[in-house]
Participant: 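Below: one structure in structure tokens.
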Amino acid sequence: MTSPLSRPRLDASIAHPAVDCDPAFDASLRLQKRFHEIIPGGSHTYAKGDDQYPEFMPPYIVRGKGCRVWDADGNEFIEYGMGLRSVSLGHAYPPVVEAAQRQMALGSNFTRPAVIELECAEALLGMIKRGDMVKFGKNGSDATSAAIRLSRAYTGRDRVAICGSQPFFSTDDWFMGTTAIAAGIPRAVSDLTVKFQYNDIQSVRDLFAQYPGEIACVILEAAKETDPVDGFLHETQKLCKANGAVFILDEMITGFRWHNGGAQAYYDIDPDLSTFGKALGNGFSISALVGKREIMRLGGIDHDRERVFLVSTTHGAESHGLAAALEVMRIYREQPVVDTLRRQGERLAAGVTKSIAELGLDGHFSLLGKPWCMVYGTRDRQKQPSQPFRTLFIQEALKRGLLAPSFIVSYTHTDADVDRTIEAAHGALEIYRQALDVGVDRYLVGRPVKPVMRKHC
């Protein structure tokens, strides 16, 4: 089978920098058809789907170790993104894997609570010091949707306010009904969710004025690509208190990246409820809802109010996931994980920023967010957001041994890995520069990627 990458798509009159890694994807391309035949969308996670990668470069991963992964063709890549930010220490990180293995040998799921459930809850509350109680789940949506349900029960209200500037909070109807992928969700449900904008405190005031006594909670991430300004988080919390609404921080991403105590410690903000996951398990499935006792106890059996079905899942306290989380937290307490993420992210940002300047790409290719949680933006010749140019960069990065839908670093990205990444990114950006000058179609092989949140295929 001939790889479509070998097709003579590039203009022979244009000089192209030498590429020391030009991988073939024959095995992955053969797998691709079968993936789509039996898995809707060809992936169990839309953000990992084929429409997020160049058409003829769809690496299907076989294994990972540290910050590197290998695909079905044997291609080796330095990975960024790290399992949608869920792998902060590195793939197959030995102490975490070994802790999970030891626990599996003792059993993974029982008819009664296991002692490790209490151990893990106490460890998490020891790190996230602004909560009193914790409830575990398996996915981020378990925790965020539990927070919404709990807030509605606590306040007796139905309406939910979400940050419209941030892309994702849950797979459940209360959030998905507000997105472009709302098919199958009753309008009566989605109408109960309203939006404000990050760092726009007036938009929060306007919602409370428009729906007086109706908003049960406000949910947002503490930060995304920009920091809070003018005390935005604290001012939003004040509005919640003044209007009887629950203040929720979604820390799926910021938790275990910004600070050992979460972004709430980094920004010194005290939420009523907060949600964690992703890096908490270093790839193992675990999430957590942490909160004030006054609110959380409604999910228990020691009060005289109507009961709240908070979180109760068959696999919510699966013991090896808890063992993995316990080991992750131990490592964070004893080793400089967050400092290393910061240092390596800053090293990478400095190198790529230098390339952007040298190649005259200011306004066309940009780095966004904190260095330890960094993404990039792609713009065309008119400096408009561009999916074709995003696809081109991913394509050229893959050729050079980078799997880089973002620049999310891990604890196992070494100086040598980062330096190799800077070199490879520079080569990809050289092609990006030429594509700006003569047209992206001369360089891009196949169709461009598409936004995950879109109404039609």
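From a predicted model like this one, the values you see are computed outputs, not experimental measurements. These numbers come from the heavy atoms of this one structure, side chains and all, not from hydrogens, waters or symmetry mates.
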Participant: So for atom NE2, which belongs to His315, do other residues, nucleotides or ligands contribute more than 12 heavy atoms lying within a distance under 6.0 Å?
Facilitator: no
Participant: Pick out which of Asp272, Asp132, Asp270 makes a salt bridge (charged side-chain N to carboxylate O under 4.0 Å, His left out) with Lys292.
Facilitator: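 Looking at Asp272, Asp132, Asp270, the match for Lys292 under the salt bridge (charged side-chain N to carboxylate O under 4.0 Å, His left out) is Asp270.
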Participant: Heavy atoms only: give me the nearest Asp71-Asn75 pair and the separation to one decimal.
Facilitator: OD1-N, 2.8 Å
Participant: Is there side-chain contact between Val160 and Arg152, with heavy atoms separated by less than 4.5 Å?
Facilitator: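 Val160 vs Arg152: side chains touch.
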Participant: Please tell me if the side chains of Leu429 and Leu361 come closer than 4.5 Å, counting only heavy atoms from C-beta onward.
Facilitator: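 Yes; the side chains approach each other to less than 4.5 Å.
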Participant: Decide whether Ser170 and Asp172 meet the rule of one side-chain donor and one side-chain acceptor closer than 3.5 Å.
Facilitator: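 Short answer, yes.
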Participant: Listing request: all ring pair (Phe, Tyr, Trp, His ring centres under 6.0 Å) pairs with a residue in residues 208-249, at least two apart in sequence or in separate chains.
Facilitator: Tyr198-Phe232
Participant: Tell me whether Asp419 contacts the main-chain N or O of Ala416 through its side chain, where contact means a donor paired with an acceptor under 3.5 Å.
Facilitator: no
Participant: Report yes or no: does Thr45 contribute a side-chain atom to a donor-acceptor pair with the main-chain N or O of Lys48 at less than 3.5 Å?
Facilitator: no
Participant: Are side-chain heavy atoms of Ile422 and His426 found at a separation under 4.5 Å?
Facilitator: no
Participant: Do Asp50 and Tyr60 have side chains that get closer than 4.5 Å, going by heavy atoms?
Facilitator: yes
Participant: Above 12 or not: heavy atoms from other molecules or residues under 6.0 Å from CD of Glu334?
Facilitator: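 Yes, enclosed.
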Participant: Is a side-chain N or O of Lys65 found less than 3.5 angstrom from the main chain of His91, in a donor-acceptor match?
Facilitator: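 No, the answer is negative, given that no donor and acceptor are paired below the 3.5 Å cut-off.
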Participant: Using modelled atom types and a 3.5 Å cut-off, is there a donor and acceptor pairing between side-chain atoms of Arg130 and backbone atoms of Ile269?
Facilitator: yes
Participant: Other residues, nucleotides and ligands only: do more than 12 of their heavy atoms fall within 6.0 Å of CG on Asp415?
Facilitator: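 Buried by this count: over 12 neighbours within 6.0 Å.
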Participant: With a 4.5 Å cut-off on side-chain heavy atoms, are Pro371 and Leu348 touching?
Facilitator: no
Participant: Less than 4.5 Å apart, any side-chain heavy atom of Asn282 and any of Ser86?
Facilitator: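 The answer is no; the side chains never approach within 4.5 Å.
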Participant: Return yes if a side-chain donor-acceptor contact under 3.5 Å exists between Tyr411 and Gln335, otherwise no.
Facilitator: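 Side chains of Tyr411 and Gln335: pair found under 3.5 Å.
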Participant: Among Phe407, Phe389, Tyr80, exactly one meets ring pair (Phe, Tyr, Trp, His ring centres under 6.0 Å) together with Tyr376. Which residue is that?
Facilitator: Phe407
Participant: Shortest non-hydrogen contact from Ala147 to Leu289?
Facilitator: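 Shortest heavy-atom separation between Ala147 and Leu289 comes out as CB-CD1, 3.8 Å.
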Participant: Quick one about Gln264 and His259 (side-chain donor to acceptor, distance below 3.5 Å, no hydrogens or angles considered), yes or no?
Facilitator: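 No pair is found: no donor N or O on one side chain lies under 3.5 Å from an acceptor on the other.
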Participant: Taking salt bridge (charged side-chain N to carboxylate O under 4.0 Å, His left out) as the criterion, tell me which of Arg390, Lys450, Arg454 meets it with Asp51.
Facilitator: Arg454
Participant: For Ser203, give me all partners under side chain to side chain contact (heavy atoms under 4.5 Å, CB included), at least two apart in sequence or on another chain.
Facilitator: Phe196, Gln197, Asp200
Participant: Can you list the residues that meet the side chain to side chain contact (heavy atoms under 4.5 Å, CB included) rule with Ala279, with sequence neighbours excluded?
Facilitator: Ser88, Phe256, Tyr332
Participant: Kindly say whether Phe77 contributes a backbone atom to a donor-acceptor pair with the side chain of Arg68 at under 3.5 angstrom?
Facilitator: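 Judged by distance alone, no pair lies under 3.5 Å.
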Participant: Do Pro451 and Gln387 come within less than 4.5 Å of each other through their side chains, counting heavy atoms only?
Facilitator: yes
Participant: How about CZ on Phe168, more than 12 heavy atoms from neighbouring residues, nucleotides or ligands closer than 6.0 Å, or not?
Facilitator: yes
Participant: Is it the case that the side chain of Ser151 and the backbone of Val246 share a donor-acceptor pair, with hydrogens and angles ignored and the cut-off at 3.5 Å?
Facilitator: no
Participant: Can you tell if the side chain of Thr412 reaches within under 4.5 Å of the side chain of Gln344, non-hydrogen atoms only?
Facilitator: no
Participant: Determine whether a donor-acceptor pair (N or O, by modelled atom type, separation under 3.5 Å) exists between the side chain of Asp250 and the backbone of Met252.
Facilitator: yes
Participant: Can you tell me if Arg333 has over 12 outside heavy atoms packed within less than 6.0 Å of its CZ?
Facilitator: yes
Participant: Does NZ or CZ of Arg342 fall inside the cone over Trp372's six-membered ring, less than 6.0 Å from its centre and within 45° of the axis?
Facilitator: yes
